[in-house]
2 protein chains.
Amino acid sequence: MKEGPNIAGIAALIGDPARANMLQALMTGVALTASELAQEAGVTPQTSSFHLGRLAEAGLVTLRKQGRHKYYNLADADVAALLEAMSGIAMRSGMTRVRTGPKEPALRKARVCYNHLAGEYGVQAYDSLLARAFLVEDGEQLHLTGDGRSFLSELGVVLPDKETKRRPLCKSCLDWSARRSHLAGIVGTSLLSFFLEQGWAKRVDGSRIIEFSKSGDSRFHAIFSL
Amino acid sequence: MKEGPNIAGIAALIGDPARANMLQALMTGVALTASELAQEAGVTPQTSSFHLGRLAEAGLVTLRKQGRHKYYNLADADVAALLEAMSGIAMRSGMTRVRTGPKEPALRKARVCYNHLAGEYGVQAYDSLLARAFLVEDGEQLHLTGDGRSFLSELGVVLPDKETKRRPLCKSCLDWSARRSHLAGIVGTSLLSFFLEQGWAKRVDGSRIIEFSKSGDSRFHAIFSL
DNA sequence: TTGATAGTTCGATCACGATCGAAACAATAG
DNA sequence: CTATTGTTTCGATCGTGATCGAACTATCAA
């Protein structure tokens, strides 16, 4: 009778407040343990376990055991993209949380999206690389050019040698706040790591916010000008 | 305490089977009345009314009264994109409907996505236009070139004269089956209408499937070769 | 006017699923 | 070994929200 994939299934999964909180917490990209996620979601460890089981079963999160801990991650950049898209719809639908705190502007400016940089800074980096042909779009594919590779290497960004088919080097990800693409994929991840390691920016507590220092900010704008 | 938009809200909205069915029915792009949607979802008109109220309130659907009918539509291409993305995740998570009917291959081949063409045919058209520089990507923006405009006009596709800011002429939409972009926006809509009006293809009953005729198929491939 | 169809509102019911307490299991630390 | 911490299983509870029957409003067709 019915056709197509069961949308209601995963939607219902994400639709539970506790699970949604967990997923949003995982949007920071850091691996979290079951009990940390319980705390994040405001439920007891038992319930957390129950929810995480369902999320893992549906393939929305992955886990790796490490000693007596279980570390959870978002399964995939695609899952992150779905959550990001959902944020966009929720945002414009006026379905914001009770109190839209002072963090929101900071979120729009720079935040981590799973494992790469999003927000205004993410978009700017993406555009800047594109404008200088360090990055080229080919249909939906995205490629790092030779020039782009050497540019990043010279900066000090570490990149794998070869582009594998399985994990694309570059990938674009739609930004809910800017409604534009930012850079995902291995390059996106490496770039974010670079910023953090150089001390140009740092993560804020357990949120998705990325805070650029004064000097880091000016360096960023010097390099990724438009 | 919490930050960011309320993902759980819209997810829960989509998470109800009845509402999910309604939304998927609306993915065909045709406007449906409340009772048609009730039938589609397998619920009574009362329940349908209840659900549609919530969907409209959240801004996921729009309605226009016409006589004693209320015609419902998806609010936006963004909502369609969200549902499409969700289909992708649901698909690979093995959360397919009980029986994956014989329609599925047809869906992968060509289907309507809200109001434009998706599936293999949609992707091919997109790539073909891009390859001949009838369409150019500029960051996330997508533009129809002068050549592209005259090419389509010559074919007989009707297009509005000017590109307005509000409704972009072109827009890319991610395809869940092909994992590639296909053409959305006004051009995408016009193109689909063109195929249907010319009799190259027709819609299948109330599903999202687009069925190309023998002659329509060959004409399509002649024009949108790669 | 009467009759028919589309849609809504109200109220009551009912089922599903989230939640937690208690207890078990797992793995490390001392 | 024992003690402690992290995670899971089971069972019972409980609340939220979907559902439908019945009655009501609105629009159209005679």
Side-chain angles (χ1 to χ4, degrees), chain A residues 1-2 6-26 30-58 60-73 90 93 95 98 206, chain B residues 1-2 6-26 30-58 60-73 95 98 206:
Chain A
M1 189 85 184
K2 298 293 179 229
N6 186 1
I7 283 191
I10 28 104
L13 226 45
I14 306 175
D16 178 76
R19 286 191 289 257
N21 285 336
M22 291 176 172
L23 290 172
Q24 278 188 326
L26 289 175
V30 298
L32 294 174
T33 68
S35 23
E36 284 171 331
L37 286 167
Q39 168 118 13
E40 200 69 40
V43 294
T44 59
Q46 308 101 322
T47 357
S48 165
S49 175
F50 166 69
H51 287 310
L52 288 170
R54 310 210 122 229
L55 288 175
E57 183 190 15
L60 293 183
V61 300
T62 57
L63 62 133
R64 61 197 154 85
K65 296 185 58 171
Q66 198 152 291
R68 52 181 165 179
H69 293 275
K70 274 193 181 171
Y71 284 94
Y72 285 88
N73 262 312
S93 298
M95 300 200 59
V98 274
Chain B
M1 189 87 183
K2 299 293 178 226
N6 187 359
I7 284 193
I10 30 103
L13 226 45
I14 306 174
D16 179 75
R19 286 192 289 258
N21 286 336
M22 291 177 172
L23 290 172
Q24 278 188 323
L26 289 174
V30 297
L32 295 173
T33 67
S35 24
E36 285 170 331
L37 285 167
Q39 168 118 14
E40 201 69 41
V43 293
T44 58
Q46 308 101 319
T47 342
S48 165
S49 175
F50 165 70
H51 288 309
L52 288 170
R54 311 211 118 225
L55 288 176
E57 184 190 13
L60 293 183
V61 301
T62 56
L63 62 134
R64 60 197 154 86
K65 296 185 59 169
Q66 196 151 288
R68 54 179 165 180
H69 293 277
K70 275 193 180 171
Y71 284 94
Y72 286 88
N73 262 312
M95 301 201 56
V98 274

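Note that these values count all heavy atoms, side chains included, but never hydrogens, waters or copies made by symmetry. Order of the sequence lines fixes the chain letters, A, B, ..., with proteins taken first and strands second; residue numbering starts at 1 for each chain.
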Next item on the list: Report yes if the side chains of A:Leu37 and A:Leu26 come closer than 4.5 Å at any heavy-atom pair, otherwise no.
Entry: yes
If you only use heavy atoms from C-beta on, which nucleotide in [options] is closest to the side chain of [X]?
X: B:Ala34; options: C:dT19, C:dG7, C:dA4; result: C:dG7
X: B:Arg68; options: D:dC28, C:dA27, D:dT8; result: D:dC28
X: B:Val43; options: C:dT19, D:dT19, D:dT27; result: D:dT19
X: A:Asp16; options: C:dA18, D:dC28, D:dA18; result: C:dA18
X: B:His69; options: D:dT19, C:dG7, D:dT7; result: C:dG7

Note to self: For a quick check, tell me whether the side chain of B:Gln46 and the base of C:dG7 share a donor-acceptor pair closer than 3.5 Å.
What the structure shows: no
Would you tell me if any nitrogen or oxygen in the side chain of [X] comes within less than 4.0 Å of OP1 or OP2 on [N]?
X: B:Lys70; N: C:dT8; value: yes
X: A:Thr47; N: C:dA18; value: no
X: A:Arg19; N: C:dA18; value: yes
X: B:His51; N: D:dG17; value: no
X: B:Ser35; N: C:dG7; value: yes
X: A:Thr44; N: C:dG21; value: no

Nearest-angstrom distance from the residue atom [atom1] of [X] to [atom2] of [N]:
X: B:Glu57; N: C:dT9; atom1: CD; atom2: P; answer: 12 Å
X: A:Gln39; N: C:dT19; atom1: CD; atom2: C1'; answer: 17 Å
X: B:Phe50; N: C:dC10; atom1: CZ; atom2: P; answer: 13 Å
X: A:Tyr71; N: C:dA27; atom1: OH; atom2: C1'; answer: 13 Å
X: B:Leu52; N: C:dT9; atom1: CG; atom2: P; answer: 12 Å
X: A:Leu63; N: D:dG6; atom1: CG; atom2: C1'; answer: 14 Å
X: A:Leu37; N: D:dT8; atom1: CG; atom2: P; answer: 11 Å
X: B:Lys65; N: C:dT5; atom1: NZ; atom2: P; answer: 20 Å

Next item on the list: Indicate, with a heavy-atom threshold strictly under 4.0 Å, whether A:Thr33 touches base, sugar-phosphate, or nothing.
Entry: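 Sugar-phosphate, no base atom in range.
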Next item on the list: Please name the pair of heavy atoms, one in A:Leu63 and one in A:Ala56, separated by the smallest distance, quoted to 0.1 Å.
Entry: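 The pair with the smallest heavy-atom distance is CD2-CB, 3.9 Å.
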Next item on the list: Give the minimum heavy-atom separation between B:Asn21 and B:Glu40, together with the two atoms involved.
Entry: CB-O, 4.2 Å
Checklist line | Side chain A:Ser48, main chain A:Ala34, donor-acceptor under 3.5 Å | finding: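 Yes, the answer is positive, given that a donor and an acceptor are paired below the 3.5 Å cut-off.
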Margin query: Under a 3.5 Å distance rule, please check whether B:Arg19 uses its side chain to pair with a backbone N or O of B:His51 as donor and acceptor.
Written below: no
Margin query: Against B:Tyr72, only a single residue in B:Thr33, B:Leu23, B:Leu52 fulfils side-chain contact (heavy atoms from CB on, under 4.5 Å); can you say which?
Written below: B:Leu52
